[in-house]
Participant: 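Sharing a structure below in structure tokens format, with a few things to ask.
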Protein chains: 2
Amino acid sequence: MAKSQTKPAKADAVSRSSRVELKERTRLRLIEAALSLIGQGRGYSSLSLREITREAGVVPAAFYRHFRDLDELGLALVEMGGVTLRHLLREARRDGLSPTDMLRTSVLIYKRYVEERSLVFRFLAGERGGGSPVIRQAIRTEESHFASEMAQDLRALGTLPDLSSNALHMICGLVVTTMLNAASDILDLPKSRPKQEQELVDNFVHQLRVVFLGARFWRER
Amino acid sequence: MAKSQTKPAKADAVSRSSRVELKERTRLRLIEAALSLIGQGRGYSSLSLREITREAGVVPAAFYRHFRDLDELGLALVEMGGVTLRHLLREARRDGLSPTDMLRTSVLIYKRYVEERSLVFRFLAGERGGGSPVIRQAIRTEESHFASEMAQDLRALGTLPDLSSNALHMICGLVVTTMLNAASDILDLPKSRPKQEQELVDNFVHQLRVVFLGARFWRER
DNA sequence: TATTCGAGTGAACACATGTTTACTCGACAA
DNA sequence: TTGTCGAGTAAACATGTGTTCACTCGAATA
């Protein structure tokens, strides 16, 4: 009979709450608990295992069924951050860019994006420079990938056609730095302060404009 | 007699270890203990009061004679960071800048400077994005002052004479971001990896070159 | 249907933590 | 010389911490 084969075909709709699904569910609960605590102003590197399990509604010992230690949870958060960044790029790619004021609209879209995923960006911005070396390094790798993809996209769009791949990557690195720095600023914006908000956006736009202006006149040497 | 006046003239060489001097001394011990722990790879926001006093060779309760809590110690570190940055600028000002390859030499000087004061820069780079909100904000203020001074210096040197003060400040902000980001990279360099080191320096130089190139072609509005 | 298997439990452990309290004891001003 | 004043001490406190262990109990398998 087909059912009793060694490989259970596909695990169809019946297994609504299979074991592995349930495990994955609480794994997610742990991740989200950590993010939620970050959202309450705490830095990831100052969170404790017990705090996280408490927030996740699970007993401390259960943590070890999913992660060896806090660093491993942190790496899961980094990966989530990486996915978020790739998704951002994918959206930007889809939207295309109107030639006029395209920088400004990109910035506004980015701002919204950051605000809607504030927890992940808080984590990235917060652990990027401090925290555990292994997490910091993982974030850096993610940033570099992000920069590479961005470079590829710019190339495909025909922007800055005269630049070498190396130069393009280096410039995208600069853009990424600026973006993540701006994310930090965006997240610390006091709400309902439109003036301050406007200033921040302007500053961000202008900085990117300077970078792309410089890129246009860049000559290899 | 001149000695018994109400105001003790000058606190001369005799009062080698006056009370206030001794207090200041252990205050410094606490600050340096925190820095030392940072140097061992820990982020400031994950340090504990007891850890710090232990490292400083002092009993936990003594901490409160100097700081209300860890945030207050953190602010002292921020101020120390501010002093460090101002000092950097003062040195750069003194050295003047040879017109050819001035960017590259500046970068090398900066790199050396960061390495020699690695602990302070570790602290700044680490708490800039994460950590306690009050510390983060204090660092941001310090950065802004640094950017302003830099703008003033550039103005005095006649660099970028066509830029408005606002534009100049905005560009210096970009430079500062890039510098602190690079500091983070410099501090994480594995030692005796000259190739990697060279790449990092090149990248840093190129990024700054792009920024200044963009600045030269910047037109308001 | 009977058996295995492993995610989550609850309790216990050996410490580490922040803060308070009453204290010592030496520099300093009177 | 005497008395004050305050930096640093020692001990105690109530909690919080990471990790371990034997356990339950229900879904997955055979």
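Labels below follow one simple rule: chain letters A, B, ... track the order of the sequence lines, proteins then strands, and each chain is numbered from 1.
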Participant: When you check the gap from the basic side-chain N to the acidic O, do Glu143(B) and Arg140(B) get nearer than 4.0 Å?
Facilitator: no

Participant: Do the side-chain N and O atoms of Arg122(B) and Ser118(B) include a donor-acceptor pair separated by under 3.5 angstrom?
Facilitator: no

Participant: Determine whether Leu77(B) and Leu35(B) make a side-chain contact, defined as any pair of heavy atoms from C-beta on separated by less than 4.5 Å.
Facilitator: yes

Participant: Which residues in residues 52-73 of chain B have a heavy atom closer than 4.0 Å to any atom of DNA chain D?
Facilitator: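 By residue number: Val58(B), Val59(B), Ala61(B), Ala62(B), Arg65(B), His66(B).
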
Participant: What nucleotide among dG26(D), dT17(C), dC28(C) has an atom nearest to a side-chain atom of Glu51(B)?
Facilitator: dT17(C)

Participant: What integer distance in Å separates Leu22(B):CG from dA27(C):P?
Facilitator: 9 Å

Participant: Given side chains that start at C-beta, do those of Phe204(A) and Thr178(A) come closer than 4.5 Å, heavy atoms only?
Facilitator: yes

Participant: Would you please say whether a donor-acceptor pair under 3.5 Å links the side chains of His145(B) and Glu149(B)?
Facilitator: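 No, because no side-chain N or O of His145(B) sits under 3.5 Å from a partner of the opposite role on Glu149(B).
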
Participant: If the cut-off is 4.0 Å, is Thr26(A) near the phosphate of dG8(C), judged by side-chain N/O to OP1 or OP2?
Facilitator: yes

Participant: Of the non-hydrogen atoms in Ala76(B) and Phe67(B), which two are nearest, and what is the gap between them?
Facilitator: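 Here Ala76(B) and Phe67(B) meet closest at CB-CE2, 4.1 Å.
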
Participant: Measure the distance from CD on Glu24(B) to P on dG6(D) and round it to the nearest whole Å.
Facilitator: 16 Å

Participant: Could you check which residues of residues 35-48 of chain B get a heavy atom under 4.0 Å from DNA chain C? Sort them by number, please.
Facilitator: Ser48(B)

Participant: Just checking, is any N or O donor in the side chain of Glu199(A) or Asn203(A) under 3.5 Å from an acceptor N or O on the other one?
Facilitator: no

Participant: Using whole Å, what does the distance between atom C1' of nucleotide dG6(C) and atom CD of Glu21(A) come to?
Facilitator: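 Rounded to the whole Å, the gap is 17 Å.
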
Participant: Rounded to whole Å, how long is the line connecting atom CZ of Arg50(B) with atom P of dC13(D)?
Facilitator: 14 Å

Participant: Calculate the interatomic distance between Lys23(B) atom NZ and dA7(D) atom P; express it in whole Å.
Facilitator: 4 Å

Participant: Does the distance from a Lys or Arg side-chain N to an Asp or Glu carboxylate O, for Lys191(B) and Glu115(B), drop under 4.0 Å?
Facilitator: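 Looking at Glu115(B) together with Lys191(B), the answer is no, because their closest N to O distance does not fall below 4.0 Å.
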
